[in-house]
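Scroll down for the structure; my scribbles are underneath it.
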Amino acid sequence: MPLDKETAIAHITYGWEELNNRVAEYPPWVLIGGTAVTIYTYIKLRKLLNRNDRPLHSRFLGYLISWARMLPAVEKQIQKELAGISTDIVHSIHKYDKERKFITSIPPKGLTDEEIMALANEYLSMGTFDVKGGRVSGAVYTDCSDKHIDLLAQIFKKYAFSNPLHPDVFPGVRKMEAEIIRMVAKLYHGDEHVCGTLSSGGTESIMLACLAYRNRAVARGVSDPVIVVPVTAHAAFDKAAHLMGIRIVHVAVDKNNRVDLKALKRAISSDTCVIVGSAPNFPSGTIDDIVSISNLGLKYKVPVHVDACLGGFLIPFMEEAGFPLPLFDFRLPGVTSISCDTHKYGYSPKGSSVVLYKSPEYLHDQYFTVTEWTGGIYATPTFAGSRSGLAIALTWATLVQFGHEQYVNRARAIIETAKKLANEVQNTPGLVLAGASDVSVVSFRSNEYNIYAVADKLHEAGWNLNSLQNPDAVHFCMTYNQANDETLSAFVTDLRAACAEVASQPNKGGSSKTAAIYGTASTIPDRSLVDDVTYVFLDACYATPAKDADATIEESH
């Protein structure tokens with residue numbers, strides 16, 4: 001029977017009086033201290049739970065293993081295993097260097113030009129993959145034509161030591177950067193208010209956008225800013241969150257590798273400082289539904305960043321090339337920033353990317369200034385102080401030499417080839433596409449055999465692909481070097497031969513080294529163990545091992 005109003009009030013009043021009587025038994029310092037401890041514990045638990053979005057059971061197991069590593073016997077066994085892995089990794093990194101002669105100190109007297117060029121040519125010959133022949137996924141996006149290289153060589157001679165930190169000393173470089181920003185802004189249908197800067201690459205462009213949105217959120221009173229991204233978004237967003245001390249929430253994707261819009265909507269909160277969409281993402285080359293993401297940004301008054309780093313100089317030309325796309329740029333009112341790499345399909349040398357903002361108010365949150373420094377007023381637009389004016393000049397020269405028409409023609413050739421490959425993959429026994437191939441990347445996996453073993457076989461045949469995880473897959477990022485039927489046919493032939501060979505093995509390729517590494521990594525709950533393996537890899541890149549180390553390696557196998 002429902003309570004009437006008077007009875008309900010009487011119950012509340014009685015309860016309140018009882019609470020006051022109970023509390024009155026304790027001295028004030030106990031109440032204040034208890035409240036403080038409760039609030040502190042709540043904040044710590046909330047931070048602990050929100051520190052990352054891995055499942056709780058996985059994090060718990062990881063904590064147990066990390067505590068177990070404090071036992072000397074456990075850590076000793078782990079280091080023993082890492083030592084064996086280190087030997088294999090060092091060998092894999094340095095196997096291309098047959099001589100193993102390292103310059104480890106500055107020569108007492110400088111080498112002659114002839115000696116330097118001889119060494120440079122020797123080092124260049126260490127690479128075994130045929131880049132110009134189209135055997136490498138991504139990495140080098142242009143054909144390095146003599147005409148382009150000759151122009152860049154001339155630009156190098158004039159701008160090698162220029163630095164936009166000093167616009168009065170190098171006014172031409174300042175002008176070039178401003179012109180690049182305007183050219184790229186126009187590609188993305190930006191009006192006169194759209195602005196931005198050059199950066200050293202896609203990672204920096206992404207991190208600069210995250211910095212701007214973090215600063216903007218903090219200035220508006222958000223104490224715990226959050227980046228909301230699809231699980232397929234570039235790892236640079238995780239890097240930004242780590243370095244800037246902000247949270248990142250990863251959102252699931254659908255069967256086509258597009259972000260799940262319902263899950264994305266649920267992830268948005270009052271702490272969200274930016275929502276991210278990829279156009280396209282790196283793993284599968286799939287474009288998220290930027291139109292819907294823009295609408296969510298408008299609805300919840302949250303900025304939207306479009307990461308177009310990978311396909312930034314393809315998607316603006318796709319409609320003219322005969323491949324229309326849904327809107328993805330500043331024509332959408334919710335899109336507030338875009339990152340776009342000029343050193344990929346823009347074909348400029350490495351070290352060049354652009355981050356654009358809808359208006360200066362966002363860009364200003366990216367800037368850094370110190371007005372009280374004894375060395376003068378210090379102000380920089382990006383992370384770096386001094387920047388390479390040469391990178392700016394090379395990018396500027398590339399854009400104006402290629403021209404709009406050539407970018408359209410190259411986009412058409414690359415995307416046509418990617419679509420042909422996607423069709424061939426679908427017609428290969430055991431293979432399925434891993435996500436929609438919307439632009440230049442074709443990603444594939446297998447439910448019948450180990451796809452990493454297939455990649456290993458292709459590696460042996462001279463192809464260099466990218467291994468993916470969650471789920472197990474590999475992808476081929478089409479560049480202009482593969483935009484021809486001859487290269488496509490050669491790859492498809494080798495791909496089908498590799499698939500057939502792996503499928504015929506009793507363990508379906510489960511014994512391959514790549515399969516073992518990725519398979520083990522996916523089952524380890526303590527991610528610090530996986531980190532240790534990656535540290536071994538990175539350390540190996542800087543190692544200078546002796547030539548006779550190979551003999552020891554061969555004996556151990």
Side-chain angles (χ1 to χ4, degrees), residues 127 129-149 151-152 187 202 279-287 308-325 340-350 352 395 398-399 401-428 431 433-444 455 458 461-466 474-496:
F129 290 102
D130 185 4
V131 176
K132 288 188 176 182
R135 295 270 170 159
V136 176
S137 167
V140 179
Y141 291 79
T142 187
D143 56 344
C144 300
S145 69
D146 290 341
K147 179 183 177 183
H148 188 203
I149 296 298
L151 173 66
L152 299 184
L187 284 180
N281 65 47
F282 172 83
S284 63
T286 303
I287 297 178
C309 285
L310 177 58
F313 262 71
L314 289 178
I315 56 176
F317 304 105
M318 283 180 65
E319 185 169 357
E320 288 182 74
F323 303 97
L325 295 172
C340 163
D341 282 3
T342 39
H343 69 195
K344 288 190 173 74
Y345 295 102
Y347 308 119
S348 68
K350 287 297 181 182
S352 170
T395 300
T398 299
L399 297 184
Q401 184 191 53
F402 270 68
H404 189 96
E405 184 178 344
Q406 185 170 183
Y407 280 118
V408 172
N409 291 338
R410 286 195 170 204
R412 181 182 298 112
I414 290 167
I415 294 161
E416 282 179 349
T417 305
K419 291 189 178 299
K420 289 178 182 177
L421 177 57
N423 185 60
E424 295 288 355
V425 166
Q426 289 178 303
N427 291 324
T428 299
L431 291 185
L433 291 175
S437 180
D438 290 332
V439 189
S440 60
V441 173
V442 180
S443 178
F444 48 92
L458 288 169
W463 300 94
N464 185 276
L465 304 188
N466 299 89
V474 296
H475 86 207
F476 202 145
C477 179
M478 291 288 154
T479 72
Y480 193 61
N481 294 309
Q482 290 104 27
N484 59 82
D485 289 339
E486 182 181 353
T487 304
L488 175 64
S489 177
F491 176 72
V492 171
T493 298
D494 288 345
L495 172 64
R496 288 178 174 164

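Here the structure is a predicted model, which is why all the values come from computation and not from measurement. Side chains included, hydrogens not; waters and symmetry mates left out as well; all remaining heavy atoms used.
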In the structure I gave you, are the side-chain heavy atoms of [X] and [Y] within less than 4.5 Å of one another anywhere?
| X | Y | value |
| --- | --- | --- |
| Val439 | Ile287 | yes |
| Phe282 | Cys477 | no |
| Phe313 | Leu399 | yes |
| Val140 | Thr479 | no |
| Val492 | Lys420 | no |
| Thr417 | Thr487 | no |
| Phe476 | Val441 | no |
| Leu433 | Val442 | yes |

Donor-acceptor check, side chain of Ser348 to backbone of Thr342, threshold 3.5 angstrom: yes or no?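 Yes.
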When you measure from the side chain of His475 to the backbone of Ser284, do you find a donor-acceptor pair of N or O atoms at a distance under 3.5 Å?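 Checked: no pair found.
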Evaluate the side-chain contact (heavy atoms from CB on, under 4.5 Å) criterion for residues Ile414 and Tyr345: first the C-alpha distance (whole Å), next the side-chain angles of each, then the deciding distance (0.1 Å), finally the verdict. CA-CA 10 Å; Ile414 290 167; Tyr345 295 102; 3.9 Å; yes
Can you tell me how far apart [atom1] ([X]) and [atom2] ([Y]) are? Round to the nearest 0.5 Å.
| X | Y | atom1 | atom2 | answer |
| --- | --- | --- | --- | --- |
| Cys340 | Leu310 | SG | CG | 10.5 Å |
| Arg135 | Gln482 | CZ | CD | 10.5 Å |
| Gln401 | Leu151 | CD | CG | 4.5 Å |
| Phe323 | Glu416 | CZ | CD | 4.5 Å |
| Ile415 | Arg410 | CD1 | CZ | 13.5 Å |
| Leu465 | Ser443 | CG | OG | 10.5 Å |

Arg496 and Asn427: CA distance, side-chain angles, deciding distance, side-chain contact (heavy atoms from CB on, under 4.5 Å) verdict: CA-CA 10 Å; Arg496 288 178 174 164; Asn427 291 324; 3.9 Å; yes
According to the interplanar angle, ranging from 0 to 90°, do the rings of Phe402 and Tyr347 count as parallel (below 30°), tilted (30 to 60°) or perpendicular (above 60°)?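 Answer is parallel, since the angle falls under 30°.
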Ignoring hydrogens, what is the shortest heavy-atom contact between [X] and [Y]? Give both atom names and the distance.
| X | Y | value |
| --- | --- | --- |
| Ala455 | Val474 | CB-CG1, 3.7 Å |
| Cys309 | Gly202 | SG-CA, 3.6 Å |
| Leu152 | Pro349 | CD1-CG, 3.6 Å |
| Gly311 | Pro316 | O-CD, 4.2 Å |
| Asp494 | Ala461 | OD2-CB, 4.1 Å |

Gln406 atom CD: more than 12 heavy-atom contacts under 6.0 Å: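 Yes, because the 6.0 Å sphere around CD of Gln406 holds more than 12 heavy atoms from other groups.
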Show the numbers, then the answer: is there a side-chain contact (heavy atoms from CB on, under 4.5 Å) between Asn481 and Asp130? CA-CA 10 Å; Asn481 294 309; Asp130 185 4; over 6 Å; no
Modelled atom types, side-chain donor and acceptor of His343 and Thr395, under 3.5 Å: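 No, because no side-chain N or O of His343 sits under 3.5 Å from a partner of the opposite role on Thr395.
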